[in-house]
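Notes follow once the structure below has been shown.
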Amino acid sequence: MENSDVILVTGGSGLVGSAIKSVVESEKADGERWIFVTSKDANLCDYDSTKALFEKHRPTKVIHLAAMVGGLFHNMSHNLDFFKNNLNMNNNVLQVSHEMQVKKVISCLSTCIFPDKITYPIDETMVHLGPPHSSNFGYSYAKRMIDVANRAYKQQHGCNFTSVIPCNVFGPQDNYNLESSHVIPGLIRKLHDIISKGGDTFTVMGTGKPLRQFIYSMDLAKLFVWALRNYEDVEPIIFSVDESAEISIGEAAEEIARSFDFKGKIIYDTTKADGQFKKTASNAKLRRLHPEFKFTPFKEAIQTSVDWYKQNCSTARN
Ligand code: NAP
Ligand code: GDP
């Protein structure tokens, strides 16, 4: 059968992109050809490079994941880079998608871009209702502009551009660099290093009290594929586990320690920042539109992620 859709995934080498790749490889749908690209294929901060990439592959649909992404501490020290790089990448991908008459683009926001002072649970209508947390304002404002652009491209040119809003993501092929990583890959890397040196003290940054919803990358990947095939609205949609699945950073650290069978002690370095206390998001819209979806239990997904890192630490992104 001839492929009717050519689906270009930017950020194809990252945590989410590699999960989408393994999901689509395991379920192969007729009529879809998937292309996963990385910064080696094109620098999406550059318009000409972006245009050349699209001219080469002629996608009919795009999942736009590529971004400058990082944890709390990387954001705090690089707000300008997060703002400029992400704004440029998003502008180029959406503009070139419009010029090349791409039928559908799904871009990626994040629950950390919502207003810091807000009522809970957060829902899709609240993206622009107040300033984001000061720790990541560069990333947040750049990401919020995707939603503005999607609406403007639809209004002015009739484009079918939308966005999804994941909560914190984790899984195999994450970024394990201690300077720039998110909390789960950072703690997995740290504890692996401690155990390999015979240490017995696992230090977690901050108080351990902030609350987070964590989605396993393979679950998020399945939801992206569902959205590509089924979700046609410009309004964003939150892709998060339930509110009842929200846990503290301390509980996440304990689960990682259990997965490593670590018997030492966990301590908290309260001189380090906690960041946003919580960003509890409602997945009611997702539950309504895709009621049969089942999330992988956190314990199981953490064990898989720890086992993956143990087996791949020498080649993982460190
Ligand atoms: P990631 O693992 O850091 O991967 C980032 C991807 O973007 C890589 O494939 C990277 O390519 C590519 N990239 C970066 N700069 C580029 C450039 N200038 N030109 C072309 N490609 C570039 O990120 P992720 O965690 O998978 O995140 C994917 C999306 O989910 C992002 O939009 C992010 O904002 C969003 N998100 C992530 C989380 C999370 O917890 N991780 C939560 C909510 C939303 P190379 O490998 O070649 O560098
Ligand atoms: P956020 O959810 O956007 O704030 O990003 P992170 O994934 O970086 O999570 C930050 C939370 O985890 C803060 O409360 C940090 O104090 C805490 N944390 C504890 N240890 C670490 C670590 O090793 N790396 C990171 N990035 N955060 C950590």
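The shown structure was predicted, so the numbers you read here are calculated from the model rather than taken from an experiment. Hydrogens, waters and symmetry mates play no part in the numbers below; they use all other heavy atoms, side chains included. Whatever order the structure lists them in is the order used to number ligands and atoms, beginning at 1.
You'll find the side chain of Val105 stays beyond 4.5 Å of the side chain of Asn150, heavy atoms only.
Under 4.0 angstrom from ligand 2, the non-hydrogen atoms of Arg212 all belong to its side chain. Counting heavy atoms under 4.0 Å from ligand 2, residue Val183 touches it through both backbone and side chain. The part of Asn168 lying near ligand 2 is the side chain, judged by heavy-atom distances below 4.0 Å. At a heavy-atom distance under 4.0 Å, no atom of Ala253 approaches ligand 2. Under 4.0 angstrom from ligand 2, there are no non-hydrogen atoms of Ser135.
Contact annotation: Lys279 has at least one heavy atom less than 4.0 Å from an atom of ligand 2. Taking 4.0 Å as the cut-off, Gln276 does not count as a neighbour of ligand 2 on heavy-atom distance. In this structure, Lys272 does not count as a contact residue of ligand 2, since none of its heavy atoms falls inside 4.0 Å of the ligand.
Note on ring orientation: taking the six-membered ring where Trp is involved, the planes of Phe298 and Phe170 are perpendicular (angle over 60°, cut-offs 30° and 60°). Using cut-offs of 30° and 60° on the angle between ring planes, the pair Phe262 and Phe202 is perpendicular. The aromatic rings of Phe82 and His78 sit perpendicular, their planes meeting at an angle over 60°, well past the 30° parallel limit.
In the model, Glu243 has no side-chain atom that pairs as donor or acceptor with a side-chain atom of Tyr120 under 3.5 Å. A donor atom on one side chain and an acceptor atom on the other are not found under 3.5 Å apart for Gln311 and Asp307. Checked by atom type, the side-chain pair His64/Asn90 shows a donor-acceptor distance below 3.5 Å. Using a 3.5 Å distance cut-off with no hydrogens or angles, the side chains of Asp269 and Thr203 do not pair a donor with an acceptor. A donor and an acceptor atom, one from each side chain of Asp219 and Thr296, are located under 3.5 Å apart.
Judged by a 6.0 Å distance limit and a 45° cone about the ring axis, Lys272 is not positioned over the six-membered ring of Phe73. In this structure, Arg212 fails the cation-pi test against Phe214, since its NZ or CZ atom is not both closer than 6.0 Å to the six-membered ring centre and inside 45 degrees of the ring normal.
When ring centroids are compared, Tyr141 and Phe83 stay outside the 6.0 Å threshold.
Short contacts between ligand 2 and Asp274, defined as distances under 4.0 Å to a heavy atom of the residue, involve ligand atoms 13 (C), 14 (O), 16 (O). Less than 4.0 angstrom separates some heavy atom of Leu72 from each of these atoms of ligand 2: 5 (O), 6 (P), 8 (O), 10 (C), 13 (C), 15 (C). Within ligand 2, the atoms closer than 4.0 Å to a non-hydrogen atom of Val204 are 19 (C), 20 (N), numbered from 1 in the order shown. Atoms of ligand 2 found under 4.0 Å from any heavy atom of Gly71 (numbered from 1 in listed order, with element): 8 (O). Heavy-atom contacts of Leu187 reach the following atoms of ligand 2: 20 (N), 23 (O) (cutoff under 4.0 Å). Near Pro210, the atoms of ligand 2 lying under 4.0 angstrom from a non-hydrogen atom of the residue are 14 (O). Less than 4.0 angstrom separates some heavy atom of Lys190 from each of these atoms of ligand 2: 23 (O).
Taking only nitrogen or oxygen atoms, main chain and side chain alike, Gly186 does not reach within less than 3.5 Å of ligand 2.
For NZ of Lys103, the number of neighbouring non-hydrogen atoms (other residues, nucleotides, ligands) closer than 6.0 Å is greater than 12. Under a cut-off of 6.0 angstrom, the local environment of NZ in Lys154 is sparse, with at most 12 non-hydrogen atoms contributed by other residues, nucleotides or ligands. The environment of Glu251 atom CD is dense: over 12 non-hydrogen atoms of other residues, nucleotides or ligands sit within 6.0 angstrom.
Here the heavy atom of the protein found nearest to atom 16 (O) of ligand 2 is Ala273 O, 2.6 Å. For atom 26 (N) of ligand 2, the closest heavy atom belonging to the protein is Ser181 O, 3.0 Å. If you check which protein heavy atom lies closest to atom 11 (C) of ligand 2, you get Ile249 CD1, 3.8 Å. Remark: minimum distance from atom 20 (N) of ligand 2 to any protein heavy atom is reached at Met205 N, 3.2 Å.
Protein residues with a heavy atom closer than 4.0 Å to ligand 1 are Gly11, Gly12, Ser13, Gly14, Leu15, Val16, Thr38, Ser39, Ala42, Asn43, Leu44, Cys45, Leu65, Ala66, Ala67, Val69, Met89, Cys108, Leu109, Ser110, Tyr139, Lys143, Pro166, Cys167, Asn168, Val169, His182, Arg317, listed by chain and number.
A salt bridge is absent between Glu124 and Lys285; no separation between the charged side-chain nitrogens and carboxylate oxygens falls under 4.0 Å.
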